[in-house]
Amino acid sequence: MSSKITIIGAGSVGATIAYTLTKEDIASEIVMIDINKEKVEGEVMDILQGTCFRDPISIVNGEYEDAKDSDIVIITSGLPRKPGQTRIDLAQTNVNILKGITPQIVKAAPHALYIIVSNPVDIMTYVFTKISGLPENQIIGSGTILDTARLKCGLSEHFRVAQRNIHAYVFGEHGDTSFIPWTGAYISGTSTDEYYELMKSMGRNIQPVDKDAMLEYVQKSGGAIIANKGATFYAVSAAVCKLCNIVVAASDSIATVSSMMHGEYGIEDVCLSTLTLVGPKGIRGKVPMRMNKAEIEKLQASADALKSVIAKIEI
């Protein structure tokens, strides 16, 4: 592939995304941009010196104008979460950073697909959608793609089955109001409850899924990692690189990414994650999933929580 990818922000997440991209054949050119010139120069040098073991790839530290003709722009800029801090606590500070970045990068790369990773990602995706002037299909928030990966990891460990056989998702905010629509959670065509009964009938020593505990595992994983090692960057980088793969692929895929809602499930004017068709042309539309009344209400409550934050910030 010959994609050009620009990464805004050379912190732990941005640098790990760049490194992970060099281990795959997604991009032939990577541009890294950061206000800290020494940091980004060091990251580029470190990553570049490990590329002799792969096909040639260009990695440069640049300015906004160097993003010209980018196929994908990944925005990771902003302050990271501190131990005990919620993503929402970061809102106004990181929104202000985004407001400074947006006109410069959009001027340089008006036709790129934008992947928003900065937290709180749903708020940042909403603000970028409002201020960038770009068509909504070009704007993709990483949303709950990481939360969904964490859910699949948790279910895989519980049932001792390969993650690729699990089709379950996390909807709503990438944060404390996210939820798991268990109505749509399957293991190779079998509901999680049915799969438990099947495994029990086969004599497997297995317990039913504690659904509240599984949601807590998904929601608290990021905070636990930050408390233990100071930051999260491996799993989110893998998730973002998967998203890059999706948007350069030959056909569309379905992912739980964050984008503007236009009446789906009774929700409007907020960005959050539901099943979304994504591909080479960006966001193609939402894919309705059957949910019960309680699950729809949880999604609406998540939307309301995000709207309450949006109402308090200066865009």
Side-chain angles (χ1 to χ4, degrees), residues 1-52 54-80 90 92-119 121 123-135 137-142 231 233 236-237 240-241 243-244 247-248 282 315:
M1 297 181 186
S2 58
S3 298
K4 178 177 180 178
I5 299 178
T6 293
I7 301 170
I8 312 294
S12 296
V13 172
T16 308
I17 290 171
Y19 172 77
T20 307
L21 284 171
T22 67
K23 299 304 171 187
E24 303 188 29
D25 293 323
I26 303 171
S28 59
E29 185 175 356
I30 297 173
V31 178
M32 296 187 70
I33 301 171
D34 195 284
I35 194 172
N36 186 335
K37 303 303 181 185
E38 290 184 356
K39 175 71 158 60
V40 71
E41 184 177 346
E43 294 291 359
V44 167
M45 184 181 295
D46 194 13
I47 295 168
L48 186 61
Q49 289 173 354
T51 61
C52 63
R54 56 152 291 153
D55 292 338
I57 183 171
S58 168
I59 309 172
V60 300
N61 59 302
E63 305 295 339
Y64 287 105
E65 54 265 28
D66 296 313
K68 182 181 178 182
D69 298 325
S70 291
D71 299 288
I72 301 169
V73 174
I74 303 169
I75 299 180
T76 72
S77 296
L79 298 180
L90 290 174
Q92 188 66 64
T93 298
N94 284 354
V95 163
N96 291 343
I97 293 171
L98 183 65
K99 286 160 66 176
I101 291 168
T102 299
Q104 300 180 78
I105 188 60
V106 169
K107 180 181 178 181
H111 304 298
L113 295 178
Y114 282 77
I115 298 176
I116 313 299
V117 183
S118 307
N119 273 320
V121 67
I123 304 297
M124 300 290 274
T125 304
Y126 179 86
V127 172
F128 188 81
T129 302
K130 291 294 185 180
I131 69 176
S132 68
L134 295 175
N137 69 289
Q138 290 179 230
I139 304 167
I140 307 164
S142 58
F233 41 86
V236 66
S237 299
V240 172
C241 289
L243 200 45
C244 289
V247 300
V248 301
I315 298 176

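Quick caveat, the model's predicted, so the values are computed rather than measured.
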Output for pair (Ile101 CD1, Ser132 OG), nearest 0.5 Å, gives 13.0 Å

As a quick check of understanding, evaluate side chain to side chain contact (heavy atoms under 4.5 Å, CB included) for Thr125 and Ile139, giving each step before the final call.
CA-CA 7 Å; Thr125 304; Ile139 304 167; 4.1 Å; yes

Output for pair (Asp34 CG, Glu41 CD), nearest 0.5 Å, gives 12.0 Å

Rounded to the nearest 0.5 angstrom, the CD1-CD1 distance for Ile30 and Ile59 is 5.0 Å

| If we only count heavy atoms from C-beta on, is the Ile8 to Tyr114 side-chain gap below 4.5 Å? | no

Q. Can you check whether Asn61 reaches Lys37 side chain to side chain, under 4.5 Å on heavy atoms?
A. no

Of all heavy-atom pairs linking Gly282 and Ile140, the shortest is CA-CD1, 4.3 Å

Fill in: side chain to side chain contact (heavy atoms under 4.5 Å, CB included) assessment of Leu79 paired with Asn94
CA-CA 7 Å; Leu79 298 180; Asn94 284 354; 3.9 Å; yes

In short, Met124 meets Ile116 closest at the heavy-atom pair CB-CG2, 3.9 Å

Separation between CD1 (Ile315) and CD (Gln92), nearest 0.5 Å, reads 9.0 Å

Arg54 side chain near Thr51 side chain, heavy-atom distance below 4.5 Å = yes

Report, one line per pair, each donor and acceptor closer than 3.5 Å where one atom sits in a side chain of residues 12-23; sequence neighbours left out.
residue: Thr16; atom: OG1; partner: Ser12; partner atom: O; Å: 2.5
residue: Thr20; atom: OG1; partner: Thr16; partner atom: O; Å: 2.7
residue: Thr22; atom: OG1; partner: Tyr19; partner atom: O; Å: 2.5

To the nearest 0.5 Å, atom CD1 of Ile75 lies from atom CD1 of Ile105 at 7.0 Å

For residues 64-74, the side-chain hydrogen bond (donor to acceptor under 3.5 Å, both in side chains) pairs (sequence neighbours left out) are Thr6-Ser70

| said: Is any side-chain heavy atom of Ile57 closer than 4.5 Å to one of Glu29? | reply: no

Between Ser77 and Ser118 the two heavy atoms that sit nearest each other are O-OG, 2.5 Å

Decide side chain to side chain contact (heavy atoms under 4.5 Å, CB included) for Ile5 and Cys244; before the verdict, give the C-alpha distance in whole Å, the side-chain angles of both, and the deciding distance to 0.1 Å. CA-CA 9 Å; Ile5 299 178; Cys244 289; 4.3 Å; yes

| said: Whether the side chain of Thr76 engages the backbone of Gly9 through a donor-acceptor N/O pair (distance < 3.5 Å, no angle test) should be reported. | reply: yes

Met32 vs Lys39, side chain to side chain contact (heavy atoms under 4.5 Å, CB included): CA-CA, chis, key distance, verdict:
CA-CA 11 Å; Met32 296 187 70; Lys39 175 71 158 60; over 6 Å; no

Closest non-hydrogen atoms of Val73 and Ala109, given as atom of the first, atom of the second and distance, are CG2-CB, 4.2 Å

Closest heavy-atom pair, Leu113 versus Asn137, reported as atoms and distance to 0.1 Å, is CD2-O, 4.2 Å

For Asp46, the side-chain contact (heavy atoms from CB on, under 4.5 Å) test, sequence neighbours excluded, returns none

